[in-house]
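Notes follow once the structure below has been shown.
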Amino acid sequence: MLKDMCLLNGTSGDENPVREYIIDKIASFCDYYVDALGSVIAFKKGKKKTDKKVMLCAHMDEVGFIITHITDDGYLKFSAVGGIDSSVVIGRHVNVNGIIGIVGAKAVHLLSDDEKKTMPDFDSLYIDIGASNKEQAQKYALLGDFVYFESDYYEFGNGFIKAKALDDRIGCMLMIELIKSELEYDAYFCFNVQEEVGLRGAFCTSFSVQPDIAVVIESTTAADIDGVSDAEVCCKAGKGAVISYMDRRTIYDKKLYELAFKCAKENNISVQTKTRIAGGNDAGAVQTSGAGSRVIAVSLPCRYIHSGSSVVKQSDIDETRKFLKVYINKLYD
């Protein structure tokens, strides 16, 4: 299921293929509806009724690009949709309405000494689809069309997975699995749109559900790579789910944070702390929507996040799956 979901294209504002896939998987196991912005709000009945509203959420959109101009020579100018560093884009294959393009930049031998010292910005990049002129390019692409990383799904090394959109198709997959399972208590599940451009879907779904407690299932930066000091490493692949105490959008509920580690220890499940205050996720919207909610983030450590070659470890997915099954039941106590 993860491979299928990662190979789907669905950037912020263009999530329809992902939404259709999710609905197909959950329709027989819950009640659901699609809100005006396009998020899926599902209700799964558990074996026991409860007065406490618990909501789990993940976002279905991925980072990508949008065409902003077509040159007379047939090259496509573009901007990023979501937080993408230009360094991970140059020379990459991209998907433009089903055809392959190459992201190009000014030739190295033409760069000035100052230009060689800096990373090109998106304004200086272009997509080459092999068109001879503007008229030919317009047969395949128009202004406002979305563009995606062209990236296969690979398993490699000692249990690693490489793909695009691991942020946050992993979270969507884990929620689908929970919906298809037998739950102890009633629960809401929100598959949110437009997280990558400002948590927009989460503002709407959390306002509709008004949960007492929300669990945000997400991917987060793992900087356990060469050249990064221990002080700069947020979390590490292979060490289990990541539990945050604070990021740039949210200060997480302290009791929920402590409960997470207590629950993991009692069940011999690997979890780790996110050791840097960085990034953000849908919790920032859920926490302050309507009357407010208590929130906790359960994240997957992901190397090279927001690129066409994100990497996670299978064991972290397994540990997160086990953790969620036992943790959510504790939220009703």
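Since the structure is predicted, the reported quantities are computational estimates derived from the model, not experimental observations.
- By the side chain to side chain donor-acceptor pair (under 3.5 Å) test, Lys239 pairs with no residue at all, sequence neighbours left out.
- Here the side chains of Ile22 and Met5 are in contact, with some heavy-atom distance below 4.5 Å.
- Taken to the nearest 0.5 Å, the CG atom of Leu174 stands 6.5 Å off from the CG atom of Leu300.
- Among residue pairs with one or both ends in residues 270-292, none qualify as ring pair (Phe, Tyr, Trp, His ring centres under 6.0 Å); sequence neighbours excluded.
- With a 4.5 Å cut-off on side-chain heavy atoms, Lys274 and Val242 count as touching.
- Scored by the side chain to side chain donor-acceptor pair (under 3.5 Å) test, Lys139 finds no partners at all (sequence neighbours excluded).
- Applying the ring pair (Phe, Tyr, Trp, His ring centres under 6.0 Å) test to residues at least two apart or on different chains, the pairs with a partner in residues 260-300 are Tyr257-Phe261.
- Remark: Tyr126 pairs with Tyr75 by the ring-ring contact (aromatic ring centres under 6.0 Å, His included) rule, at least two apart or across chains.
- Within the structure, ring pair (Phe, Tyr, Trp, His ring centres under 6.0 Å) contacts touching residues 15-47 (residues at least two apart or in different chains) are Phe43-Tyr188.
- Every ring-ring contact (aromatic ring centres under 6.0 Å, His included) that Phe65 has, sequence neighbours left out, goes to Phe78, Phe149.
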Could you give me the CA-CA distance, side-chain angles and deciding distance for Glu258 and Lys262, then say whether salt bridge (Lys or Arg N to Asp or Glu O under 4.0 Å) is met? CA-CA 6 Å; Glu258 292 171 347; Lys262 181 176 183 290; over 6 Å; no
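- The side-chain hydrogen bond (donor to acceptor under 3.5 Å, both in side chains) contacts involving residues 155-176 comprise Asn9-Lys164, His59-Asp167, Glu62-Lys164, Glu62-Arg169, Ser151-Lys162, Asp167-His306, where partners must be two or more places apart or lie in separate chains.
- Residues passing the salt bridge (Lys or Arg N to Asp or Glu O under 4.0 Å) test with Arg200: none are found, sequence neighbours excluded.
- Partner of Glu184 under the salt bridge (charged side-chain N to carboxylate O under 4.0 Å, His left out) criterion, out of Lys45, Lys44, Lys47: Lys47 alone.
- Residues passing the side chain to side chain donor-acceptor pair (under 3.5 Å) test with Ser309 are Arg92, sequence neighbours excluded.
- Every side chain to side chain donor-acceptor pair (under 3.5 Å) that Asp247 has, sequence neighbours left out, goes to Tyr252.
- Residue pairs meeting the side-chain hydrogen bond (donor to acceptor under 3.5 Å, both in side chains) criterion with at least one partner in residues 321-333, sequence neighbours excluded, are Glu177-Arg321, Ser181-Lys325, Asp318-Arg321, Glu319-Lys322.
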